K.L.:
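This structure is in structure tokens; I'll ask about it shortly.
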Amino acid sequence: MIGEELVQLLTPEGERVAHPEYESTLSGEEIFGLYRDMVIVRRLCTESTSLQRQGQLALWAPIQGQEAAQIGAGRALAPQDFTFPTYREHGIAWCRGVPPENMLRLFRAVSNGGWDAQKYRHSVPTVVLGNQVLNAVGYAMGIQRDGAEEAVMTFFGDGASSQGDVLEAFVWASSFNTPVVFFCQNNQWGISTPMSIQSKIPLYHRAPGFGFPGIRVDGNDVLAVYEVSKRALESARVGGGPTLIEAYTYRMGAHTTSDDPTRYRIDAEVEVWKHRDPIERVKSLLVREYRVKTTKFDEVAAEADTMALKLREDVLAMDRPDPITMFDHAYAAPHPLIDEGRREMVELGVSGGSH
Amino acid sequence: MIGEELVQLLTPEGERVAHPEYESTLSGEEIFGLYRDMVIVRRLCTESTSLQRQGQLALWAPIQGQEAAQIGAGRALAPQDFTFPTYREHGIAWCRGVPPENMLRLFRAVSNGGWDAQKYRHSVPTVVLGNQVLNAVGYAMGIQRDGAEEAVMTFFGDGASSQGDVLEAFVWASSFNTPVVFFCQNNQWGISTPMSIQSKIPLYHRAPGFGFPGIRVDGNDVLAVYEVSKRALESARVGGGPTLIEAYTYRMGAHTTSDDPTRYRIDAEVEVWKHRDPIERVKSLLVREYRVKTTKFDEVAAEADTMALKLREDVLAMDRPDPITMFDHAYAAPHPLIDEGRREMVELGVSGGSH
Amino acid sequence: MATTTMTMAKALNEGLRRAMEKNKKVLIMGEDVGKLGGVFRITDGLQKDFGEDRVIDAPLAESAIVGTAVGLAIRGYRTVCEIQFDGFVYPAFDQIVSQVAKLHKRSDGVYTMGLVIRIPFQGGIGAIEHHSESPEAYFAATAGLRVVSCSTPNDAYWMIQQSIEHDDPIIFCEPKSRYWEKGEVDLDSPPAGLFDAIVRREGSDVTVIGYGSSVKTILRAADTAATEGTSLEVVDARSIAPLELDTMVKSLEKTGRLVVVQEAPHMASIGSEIVAELSERCFYSLRAPGVRVSGYHVPYPPTRIEEDYRPSVDRILDAVDRVMGYES
Amino acid sequence: MATTTMTMAKALNEGLRRAMEKNKKVLIMGEDVGKLGGVFRITDGLQKDFGEDRVIDAPLAESAIVGTAVGLAIRGYRTVCEIQFDGFVYPAFDQIVSQVAKLHKRSDGVYTMGLVIRIPFQGGIGAIEHHSESPEAYFAATAGLRVVSCSTPNDAYWMIQQSIEHDDPIIFCEPKSRYWEKGEVDLDSPPAGLFDAIVRREGSDVTVIGYGSSVKTILRAADTAATEGTSLEVVDARSIAPLELDTMVKSLEKTGRLVVVQEAPHMASIGSEIVAELSERCFYSLRAPGVRVSGYHVPYPPTRIEEDYRPSVDRILDAVDRVMGYES
Ligand SMILES: Cc1ncc(C[n+]2csc(CCOP(=O)(O)OP(=O)(O)O)c2C)c(N)n1
Ligand SMILES: Cc1ncc(C[n+]2csc(CCOP(=O)(O)OP(=O)(O)O)c2C)c(N)n1
Ligand SMILES: [Mg+2]
Ligand SMILES: [Mg+2]
């Protein structure tokens with residue numbers, strides 16, 4: 001489909017294709033589960049976009065088009081694995097069990113994080129591109145020292161692939177053979193910067209130069225992403241070291257709700273990718289191969305709507321935090337400037353100081 | 001010799017070997033010239049080490065063992081090319097025409113640079129590992145904008161190859177197809193850190209992952225280094241883009257005069273490399289193939305001694321700078337804090353303020 | 001005098017355009033500066049008019065943006081680097097501190113580090129984390145650099161041109177919350193030297209010094225204070241490093257009272273520096289200690305509560321009351 | 001009380017050893033920290049005794065040293081990162097400012113960023129460029145971090161252990177020029193809390209505050225001043241961020257005169273902060289303005305002339321004379 005050797009198990013038309021090294025291990029029910037996940041996170045995304053348009057969120061970073069990449073990877077994770085996302089991994093967060101309303105706390109600007117990272121084994125969002133990739137390798141070094149059979153998966157984009165931190169992470173992961181899977185969602189754009197400015201050749205080629213395997217997968221094919229991720233994670237858990245997965249996909253929407261992609265890319269490109277929609281192709285498969293009935297799909301749509309409704313309610317109920325909470329967790333131990341700030345704020349009458 | 005495909009044109013024993021892609025283009029006289037350069041820079045190095053031992057230099061970073069790598073690359077440069085060194089490129093500086101005493105100003109701690117970088121088209125030393133590699137790519141972007149037929153060569157070590165700056169430089173050089181040659185002297189050690197901690201696989205493999213060629217050359221074979229460098233530079237000058245050259249060599253001495261390599265590496269390793277001495281093998285060739293007489297070699301030795309003597313005199317004559325010179329060139333334009341500092345220093349009587 | 005009204009964003013755009021027209025060696029480099037015109041549209045239309053060779057869409061790496069600009073400077077180019085947001089300048093910190101700030105010195109004056117690093121800084125736009133920081137003190141503390149900030153469209157238009165023409169490297173801090181505010185721009189001559197402070201409003205009781213976004217807040221505080229009978233003299237520092245202290249000293253000698261306003265936390269900040277310097281220079285004139293109104297010593301908070309972090313009119317007036325409360 | 005005499009380098013080594021013995025989660029990571037024991041031998045012998053898994057020779061990349069330590073902290077490890085020299089901490093600046101300093105907050109307190117970044121800082125050893133810097137203000141200005149510095153072997157031994165046990169990230173600044181100086185170390189109990197300032201010498205005329213390598217220089221200045229009839233009270237700040245101001249205020253209330261000494265240039269520095277804070281807190285006690293003795297505002301000079309850059313006894317005494325010269 002896209003040139004280059006790329007692992008694909010399902011065509012855009014929803015037809016299975018054979019691959020010499022990978023085959024889908026999922027039952028119809030499991031595939032339906034992935035379909036459901038993708039529909040729900042897409043709905044989460046449309047609801048969030050509309051909440052933003054209505055002034056209820058400061059910003060939203062949509063994932064339309066990238067659902068297969070995220071759900072395929074997210075469902076390949078084992079419970080004991082740990083994940084390090086950027087700001088756009090709503091699908092991963094969903095798979096880790098992060099409640100949707102927690103995901104929106106960042107975008108409602110009431111938190112810089114949003115969820116209990118240790119509870120969900122899913123780190124807080126990282127906005128500075130590339131930082132989390134090194135953090136992930138460090139976490140993986142911890143796994144090694146604990147002798148645990150766990151893996152780390154960390155996410156970054158085609159743009160972030162140019163950052164020194166990501167490249168240093170490759171060096172370290174290779175040197176220490178850490179149990180980490182680098183999952184790069186190449187959605188073709190870093191805001192307005194096309195992939196071609198970050199690299200003239202496919203990104204997954206970088207890995208072998210650092211001494212570990214790189215693989216490109218059709219990021220819009222959830223079955224392929226699932227299998228490729230699963231194998232990389234399994235290998236990492238048992239000492240096989242790092243893998244770079246480049247999920248070749250496309251950002252169907254704007255970079256964020258602040259962005260205007262018409263300034264830098266042409267409609268025709270988006271049109272081409274519409275035909276590669278990650279949800280439609282699984283649906284075709286489910287209908288054709290597993291004879292899934294319309295009612296089942298309707299049920300999922302209804303479930304997604306219910307989720308969206310609750311999400312909206314939850315978001316609207318998220319009050320402006322008491323300003324004095326800005327002093328919480330700035331430090332773990334007592335700190336005179338924190339005490340001073342709290343005192344000043346109480347004196348100013350800005351906060352009841354109840355916190 | 002060292003496993004891996006490695007361009008070699010001269011064995012450690014000084015016998016020519018054929019290579020499918022490279023052959024030596026140099027006359028006997030030219031080869032003798034390279035020999036002379038290597039002897040002189042080695043002498044420069046022993047003299048500097050002894051100056052340091054005698055308390056005349058704060059530090060010295062020796063290049064014993066790396067003479068072929070530096071002279072081969074340095075002599076491949078065209079006058080219009082520009083170079084960005086680290087702190088160890090005395091051989092390159094020599095080829096660029098930097099007076100030896102200028103090279104020692106840094107190590108006598110009377111300057112942070114030492115020579116007129118524009119005059120010699122050889123940048124001042126960069127101590128922060130990796131920084132200069134990005135600077136070199138930027139310079140090369142300037143060459144492109146000037147439409148000039150020039151190339152940049154930048155130097156770094158195996159250790160520095162792990163730095164984000166070096167890796168980002170690969171990204172940029174590839175994206176913009178800049179006329180830059182990355183010359184990595186893999187001397188096996190970054191202070192006490194062996195190459196194996198920086199990379200499990202040969203460094204030159206990194207380049208293809210970024211979209212440009214990498215090549216490993218026997219860094220102790222001056223003929224091979226010369227040819228490989230020349231071709232890479234020529235390609236760069238005419239729009240062929242970047243090349244990574246990994247010169248596989250060995251740091252025979254200590255990291256610097258402050259270092260004690262017996263703490264971390266075994267003698268046997270050093271012994272092995274003694275047999276690969278870059279100067280001896282060229283001498284063998286010159287004797288065998290070109291019948292160069294002992295007197296000619298003696299002349300070079302004498303010339304080197306003369307250089308060393310003058311160097312010593314020059315160094316001893318390098319006075320402690322007037323402290324007030326610390327304010328010179330901190331800024332290009334007038335600055336109140338500089339004026340204030342100068343005034344204070346004059347008032348303290350530390351300086352005559354003549355400067 | 002040809003004047004025209006425009007936003008600060010437009011003024012910067014026009015200033016850049018004029019600098020590029022004047023000098024072919026001027027380049028612009030940064031993330032998304034080309035077709036998009038930058039996320040704030042400061043470089044809007046410039047790539048179209050000056051070409052991709054002069055307005056360079058960079059791969060995504062700040063260390064490389066600055067590191068290559070250094071090489072370009074050595075080659076004789078003057079690059080205006082755009083850092084997309086304040087919180088993303090840190091990957092370039094090493095290149096800025098170790099190369100940009102020191103290469104003129106290291107080369108014994110042979111290299112001219114004529115480059116400008118534009119940073120949209122400070123908060124107030126309701127963004128997510130890392131988009132609202134005030135990193136100016138890091139750069140001000142670094143010998144070899146200069147740091148300036150504009151607070152009006154006119155300053156923006158002129159200071160960006162003056163910065164590009166200047167031979168030392170300049171960290172150019174743009175108060176992003178003021179990008180869309182309009183003001184008069186004099187197209188003929190600059191309001192002052194690049195490193196001059198300007199008295200924005202004369203007053204007699206308290207000298208209030210600030211820069212960037214704070215200037216407007218201080219002016220609003222001055223309005224309120226005036227209605228309460230307190231007269232504030234408002235000084236826009238403009239140059240953060242070096243500070244132009246003469247204007248400040250002159251003001252303090254008149255008022256005897258000092259408040260410094262900044263969004264950065266007060267620890268080891270520009271505010272600390274101004275207070276320390278003026279405490280010494282105006283020891284006999286000061287009728288109260290210099291007081292700082294700053295961001296709090298916490299990571300920039302979620303922006304739903306940022307207005308309680310940033311110095312507000314209330315907090316400024318509170319500080320004014322405090323310094324007025326000292327016996328003189 | 002078991003005391004023993006050792007160098008600061010050895011005291012740090014012993015402190016690290018004790019911390020590693022106490023807590024299996026303590027790791028050391030840095031360039032050349034293994035077999036070599038670090039370029040200053042601070043980690044000498046530790047890899048041999050605790051293994052390569054706990055004393056990790058890092059590939060050569062500071063951002064990665066700190067960035068992976070962050071991940072290890074999330075996993076429950078406590079990593080002591082060694083930065084080889086002050087001038088090489090900048091590649092890690094982004095990780096320090098954006099992750100180390102902010103992750104406790106961002107995670108709502110779920111992550112404990114218990115890690116220590118050891119930096120041999122300040123000059124005085126005749127090194128080449130980038131080996132003699134004083135970057136402490138950058139970190140002090142960063143909310144979320146703490147910065148401390150030792151000036152004696154006893155402090156070194158205890159403060160490194162206290163830092164490792166502390167739950168906030170700590171930038172641990174070691175005055176490299178004092179590594180080889182010997183002093184008494186009390187093996188039983190620490191001299192003070194990690195964030196306490198200590199009066200090193202009592203006096204009545206002028207309070208002189210410093211930290212790290214400056215403390216000894218100040219003490220020497222105090223000796224000289226005493227012979228000239230001026231009594232200096234010497235305060236070792238120890239904690240650079242937060243500053244322990246109570247001890248300083250108490251001293252100033254007694255002396256009424258303040259000199260702050262540091263190797264960093266004065267602009268937006270710890271010295272600025274101390275002067276600004278104490279000018280406010282001791283407004284009525286101050287009989288002269290607080291004065292700073294600092295490095296000059298230039299890139300660290302070639303070290304043949306570094307002693308004219310670093311605060312010397314002469315320059316300190318000059319400042320003492322200046323503050324003594326004010327009418328009171
Ligand atoms: C260090 C850094 N520089 C710049 C930015 C601003 N920024 C946010 S997202 C983005 C583009 C990222 O592109 P990519 O990595 O492909 O991820 P995507 O947004 O496409 O998921 C940029 C430049 C940032 N967040 N961090
Ligand atoms: C950013 C940075 N970190 C650490 C150092 C300290 N340091 C100086 S040389 C060196 C080893 C460099 O090894 P390599 O790159 O292989 O070059 P070589 O010295 O072998 O020529 C180190 C760690 C430095 N100069 N810069
Ligand atoms: Mg992208
Ligand atoms: Mg090396």
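In what follows, chains are A, B, ... by sequence order, proteins preceding strands, each numbered from 1. Note that the structure is a prediction, hence the values are computed from the model and not measured.
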K.L.:
Using side-chain heavy atoms (C-beta onward) and a distance below 4.5 Å, is B:Thr126 in contact with D:His130?
P.N.:
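B:Thr126 vs D:His130: side chains apart.
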K.L.:
Could you look at D:Thr303 and say if it's the side chain, the backbone, both or neither that has a heavy atom under 4.5 Å from chain B?
P.N.:
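Both the backbone and the side chain of D:Thr303 come within 4.5 Å of chain B.
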K.L.:
Atom CD of residue position D:Glu52 - does it have more than 12 heavy atoms of other residues, nucleotides or ligands inside 6.0 Å?
P.N.:
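Open.
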K.L.:
For D:Ile128, which atoms come within 4.5 Å of any heavy atom of chain B: side chain, backbone, both, or neither?
P.N.:
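Side chain only.
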K.L.:
Under a 4.5 Å cut-off applied to non-hydrogen side-chain atoms, are D:Pro59 and B:Gln198 in contact?
P.N.:
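A side-chain contact exists here, since the closest heavy-atom pair is under 4.5 Å.
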K.L.:
Checking heavy atoms, do the side chain of B:Ile338, its backbone, both or neither come under 4.5 Å from chain D?
P.N.:
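It is the side chain, since no backbone atom gets that close.
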K.L.:
Between B:Arg320 and D:Asp308, is there a side-chain N and carboxylate O pair less than 4.0 Å apart?
P.N.:
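Yes, this pair counts.
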K.L.:
Using non-hydrogen atoms and a 4.5 Å limit, figure out which bit of B:Arg108 sits close to chain D: side chain, backbone, both or neither.
P.N.:
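B:Arg108 touches chain D through backbone and side-chain heavy atoms alike.
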K.L.:
If you count heavy-atom pairs under 4.5 Å between each of B:Pro321, B:Ala109, B:Pro125, B:Ala330 and chain D, which one has the most?
P.N.:
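Heavy-atom pairs under 4.5 Å are most numerous for B:Ala109.
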K.L.:
Between D:Tyr300 and chain B, which part of the residue has a heavy atom less than 4.5 Å away: side chain, backbone, both or neither?
P.N.:
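For D:Tyr300, the contact with chain B is made by the backbone alone.
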K.L.:
What part of B:His335 gets closer than 4.5 Å to chain D, counting heavy atoms only: side chain, backbone, both or neither?
P.N.:
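It is the side chain, since no backbone atom gets that close.
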K.L.:
With a 4.5 angstrom heavy-atom cut-off, could you sort out which part of B:Leu348 is near chain D: side chain, backbone, both or neither?
P.N.:
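Side chain only.
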K.L.:
For D:Ala64, which atoms come within 4.5 Å of any heavy atom of chain B: side chain, backbone, both, or neither?
P.N.:
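Answer is neither: D:Ala64 stays 4.5 Å or more from chain B.
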K.L.:
Heavy-atom cut-off 4.5 Å, strictly under: side chain, backbone, both or neither for B:Tyr331 against chain D?
P.N.:
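It is the side chain, since no backbone atom gets that close.
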K.L.:
Quick one: CG on B:Asp322 to CD1 on D:Ile305, what's the gap to the nearest 0.5 Å?
P.N.:
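Rounded to the nearest 0.5 Å, the CG-CD1 separation comes to 8.0 Å.
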K.L.:
Mind checking the CZ-CG spacing from B:Arg263 to D:Leu36? Nearest 0.5 Å is all I need.
P.N.:
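The distance works out to 6.0 Å.
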K.L.:
Against chain B, label D:Glu62 side chain, backbone, both or neither, depending on which of its atoms sit under 4.5 Å from a heavy atom there.
P.N.:
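For D:Glu62, backbone and side chain are both near chain B.
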K.L.:
Ignoring hydrogens and angles, tell me if any N or O in the side chain of D:Arg304 forms a donor-acceptor pair with the backbone of B:Val110 under 3.5 Å.
P.N.:
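Judged by distance alone, no pair lies under 3.5 Å.
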K.L.:
Can you see which heavy atom on B:Gln163 is nearest to which on D:Pro91, and at what distance?
P.N.:
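Scanning both residues completely, I find the closest heavy atoms to be OE1-CB, 4.3 Å.
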K.L.:
May I ask you to test the B:Met345-D:Tyr296 pair for a side-chain heavy-atom distance under 4.5 Å?
P.N.:
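In short, these two side chains touch, coming nearer than 4.5 Å.
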K.L.:
If you measure from the Lys or Arg side-chain nitrogens to the Asp or Glu carboxylate oxygens, is any gap between B:Asp260 and D:Arg41 under 4.0 Å?
P.N.:
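No salt bridge links B:Asp260 with D:Arg41.
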K.L.:
If only side-chain N and O atoms count, and only distance matters, is there a donor-acceptor pair under 3.5 Å linking B:Thr193 with D:Asp57?
P.N.:
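Not at all, the side chains of D:Asp57 and B:Thr193 share no donor-acceptor pair under 3.5 Å.
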K.L.:
Applying side chain to side chain contact (heavy atoms under 4.5 Å, CB included) to B:Glu344 and D:Arg315, what does each step give before you reach the verdict?
P.N.:
CA-CA 10 Å; B:Glu344 185 184 321; D:Arg315 282 177 65 204; 3.2 Å; yes
K.L.:
Donor-acceptor pair, D:Glu129 side chain versus B:Val127 backbone, under 3.5 Å?
P.N.:
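No, because the side chain of D:Glu129 does not come within donor-acceptor range (under 3.5 Å) of the backbone of B:Val127.
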K.L.:
Which bit of B:Glu347 is near chain D, if near means a heavy-atom gap under 4.5 Å: side chain, backbone, both or neither?
P.N.:
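Answer is neither: B:Glu347 stays 4.5 Å or more from chain D.
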K.L.:
Mind running side chain to side chain contact (heavy atoms under 4.5 Å, CB included) on D:Gln84 and B:Ile191 for me, showing each step along the way?
P.N.:
CA-CA 11 Å; D:Gln84 202 159 76; B:Ile191 309 186; 3.4 Å; yes
K.L.:
Between B:Leu337 and D:His266, does the side chain to side chain contact (heavy atoms under 4.5 Å, CB included) criterion hold? Intermediate values first, please.
P.N.:
CA-CA 10 Å; B:Leu337 294 179; D:His266 76 248; 3.7 Å; yes
K.L.:
Check whether more than 12 heavy atoms from other residues, nucleotides or ligands sit under 6.0 Å from atom NZ of B:Lys200, and answer yes or no.
P.N.:
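Result for NZ/B:Lys200: enclosed.
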K.L.:
Quick one: CG on D:Leu60 to OG on B:Ser162, what's the gap to the nearest 0.5 Å?
P.N.:
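Rounded to the nearest 0.5 Å, the CG-OG separation comes out at 6.5 Å.
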K.L.:
Of the backbone (N, CA, C, O) and the side chain (C-beta and beyond), which part of B:Asn131 lies under 4.5 Å from a heavy atom of chain D, both, or neither?
P.N.:
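Looking at B:Asn131, nothing touches chain D.
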